[in-house]
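Atom set for the values below is all heavy atoms of this structure, side chains included, hydrogens, waters and symmetry mates excluded.
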Amino acid sequence: GSRSAPPGRTRRVRRRSPRRGAFTDGDGMSIWAIGDLQGCYDATARLLERIRFDPAADTLWFCGDLVNRGGQSLETLRLVHSLREHSVVVLGNHDLSLLAIGERPAAERRKVNPDLQRVVFADDAPELLGWLRRQKLLHVDRELGWMMVHAGLAPQWTTQQAEQYAAEVERQLQGDGYHGLLRNMYGDRPHWSPGLRGQDRWRAIINWLTRARYCTPRGRIAIEEKGPPGTQAAGLYPWYEAPGRVERDLKIVCGHWSTLGLTITQGVHAIDTGAVWGGRLTALQLDAGELRVVQVPGRDASALPPHLRRD
């Protein structure tokens, strides 16, 4: 890191001349991780403006849950799809749920909330959902020293194992096995163990990568626990603090856990700051010499219809 960077600046900060996209110093390339969008298009557009996102130079890492509850899921999905050459997406639980809904007959699709209905009945739904299905569950950049996952990793998983397990599910999702995978992925059991096979194994991997918050030291997820640390039942730990967890050779950026807020600890950077609940939408620069966080206000939660408000 820089010894003499002024407060609030980073070693690799870049200054733009008034002409948008022109640089006065630095190499002009930034990699930003962005927390759960959840269909908050306006907040996403504000954040991209705030970080001065330049598709010619910058790369975005989206931590998953692009859709659901924000009221602008279709616009948000179209935006991220339009940036596909300049971004990396890992799937969250809401994204997988959208893919499953997209597989159902029209009468079933009409039973989901209006925000997701607009996506699955849109003219460009086949293109958007086909693209979404080809996204990753885990992204690793060893040169950069970072890994991105939506929710978490089992305490006993090394980064290499996590990559391998994610790839197993990605092969199903991106190949002919996706119908069966999406039909069978729902459920809190079985708990992960290396001997699992087939749909049980893939469900256990999906639950870790897209749904986990708390677990036991042996790596059993407590799906029902969703509050901030300190509110969980005895014997449960945030996944990144589970006793006996393996040492990890990469920094991790993740989303999913809005009640956690912006949390940076143990090499883990949790950046879901509850934009959809009236919190903030967060971007974290991954290639800066020092940690650089940019936030914008999320959606106006008071504008949410009652059925979409947090319980």
Side-chain angles (χ1 to χ4, degrees), residues 32-51 53 60-83 87 89-102 111-120 122 128-129 132 135 148-152 209-214 223-229 231 253-263 269-284 293-311:
W32 293 93
I34 298 180
D36 300 28
L37 307 179
Q38 291 215 230
C40 297
Y41 174 86
D42 294 338
T44 305
R46 270 197 299 274
L47 185 61
L48 295 186
E49 197 174 322
R50 182 77 182 280
I51 64 174
F53 171 63
L60 303 174
W61 289 24
F62 291 102
C63 285
D65 279 0
L66 306 180
V67 299
N68 204 15
R69 295 200 178 112
Q72 301 170 301
S73 286
L74 179 58
E75 292 79 4
T76 306
L77 207 52
R78 284 173 174 162
L79 174 63
V80 179
H81 176 258
S82 76
L83 298 172
S87 60
V89 173
V90 293
L91 297 169
N93 49 307
H94 287 289
D95 307 314
L96 288 171
S97 190
L98 173 65
L99 289 172
I101 291 162
K111 294 177 183 173
V112 303
N113 71 55
D115 193 24
L116 293 185
Q117 272 193 54
R118 287 185 61 236
V119 178
V120 294
L128 292 173
L129 297 183
L132 192 64
Q135 303 314 298
M148 172 172 63
V149 64
H150 178 62
L209 298 177
T210 71
R211 298 179 70 204
R213 294 182 185 90
Y214 294 102
I223 295 275
E224 65 287 348
E225 296 273 358
K226 298 182 179 181
T231 62
V253 63
C254 58
H256 184 58
W257 195 346
S258 61
T259 57
L260 191 59
L262 178 66
T263 297
H269 304 66
I271 61 170
D272 177 10
T273 43
V276 75
W277 306 117
R280 303 178 82 70
L281 185 61
T282 297
L284 172 72
V293 173
V294 175
Q295 296 185 314
V296 296
R299 65 163 304 157
D300 176 4
S302 64
L304 280 172
H307 72 283
L308 289 180
R309 284 182 203 155
R310 196 194 289 238
D311 298 331

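- For the atom pair CD1 (Ile34) and CE (Met148), the distance works out to 10.0 Å, reported to the nearest 0.5 Å.
- Remark: the backbone N or O of Ser73 is paired with a side-chain donor or acceptor of Asp115 at under 3.5 angstrom.
- Contact check for Thr76 versus Gln38: no side-chain heavy atoms found under the 4.5 Å cut-off.
- Atom CG of residue Leu77 and atom CG of residue Leu37 lie 10.0 Å apart, to the nearest 0.5 angstrom.
- Trp257 places no side-chain N or O within donor-acceptor distance of the main-chain N or O of Thr273, the cut-off being under 3.5 Å.
- For the pair Asn113 (side chain) and Arg69 (backbone), a donor-acceptor distance under 3.5 Å is absent.
- Side chains of Leu83 and Leu48 form a contact here, defined as non-hydrogen atoms less than 4.5 Å apart.
- Remark: side-chain polar atoms of Asp65 are paired, donor with acceptor, to backbone N or O of Asn93 under 3.5 angstrom.
- Here the side chains of Leu262 and Leu284 are not in contact, with every heavy-atom distance at 4.5 Å or above.
- Residue Leu47 comes nearest to Ala283 through the heavy atom pair CD2-CB, 3.8 Å, listed as atom of the first residue, atom of the second, then distance.
- A side-chain donor-acceptor contact under 3.5 Å links Asp36 to the backbone of His256.
- Interatomic distance, Leu96 CG to Leu91 CG, rounded to the nearest 0.5 Å: 5.0 Å.
- Judged as a side-chain contact (heavy atoms from CB on, under 4.5 Å), and not counting sequence neighbours, the contacts of Ile223 are Asp188, Arg211, Ile221.
- Contact annotation: the side chain of Leu128 approaches that of Leu74 to within less than 4.5 Å [non-hydrogen atoms, C-beta and beyond].
- Inter-residue side-chain proximity for Val253 and Ile271 is flagged as met; some heavy-atom pair is nearer than 4.5 Å.
- Side-chain atoms of Thr259 come within 3.5 Å of backbone N or O of Lys226 as a donor-acceptor pair.
- Glu75 places a side-chain heavy atom less than 4.5 Å from the side chain of Arg118.
- Summarising the geometry, atom OG belonging to Ser87 is positioned 7.5 Å from atom CD belonging to Gln135; distances are rounded to the nearest 0.5 Å.
- The closest donor-acceptor contact from the side chain of Thr263 to the backbone of Ala270 lies at 3.5 Å or more, if one exists at all.
- Shown here are the side-chain contact (heavy atoms from CB on, under 4.5 Å) partners of Thr231, two or more places apart in sequence or in another chain: Tyr214, Pro228.
- Considering only heavy atoms from C-beta on, Arg299 comes within 4.5 Å of Val276 through its side chain.
- In this structure, the side chain of Thr282 does not engage the main chain of Gln295 through any donor-acceptor pair within 3.5 Å.
- Atom SG of residue Cys40 and atom CD of residue Gln72 lie 7.0 Å apart, to the nearest 0.5 angstrom.
- Closest approach of Cys254 to His150, counting heavy atoms only: CB-O, 3.7 Å.
- The CG atom of Asp95 sits 5.0 Å away from atom CG of Leu132, with the distance rounded to the nearest 0.5 Å.
- With contacts defined as side-chain heavy-atom distances shorter than 4.5 Å, the pair Asp272/Leu260 does not qualify.
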Verdict with supporting geometry, Leu66 and Leu98, side chain to side chain contact (heavy atoms under 4.5 Å, CB included): CA-CA 10 Å; Leu66 306 180; Leu98 173 65; over 6 Å; no

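- The closest donor-acceptor contact from the side chain of Ser82 to the backbone of Leu79 lies under 3.5 Å.
- Taking all atoms of both residues into account, the shortest heavy-atom contact from Ala43 to Gly298 is CB-CA, 4.1 Å.
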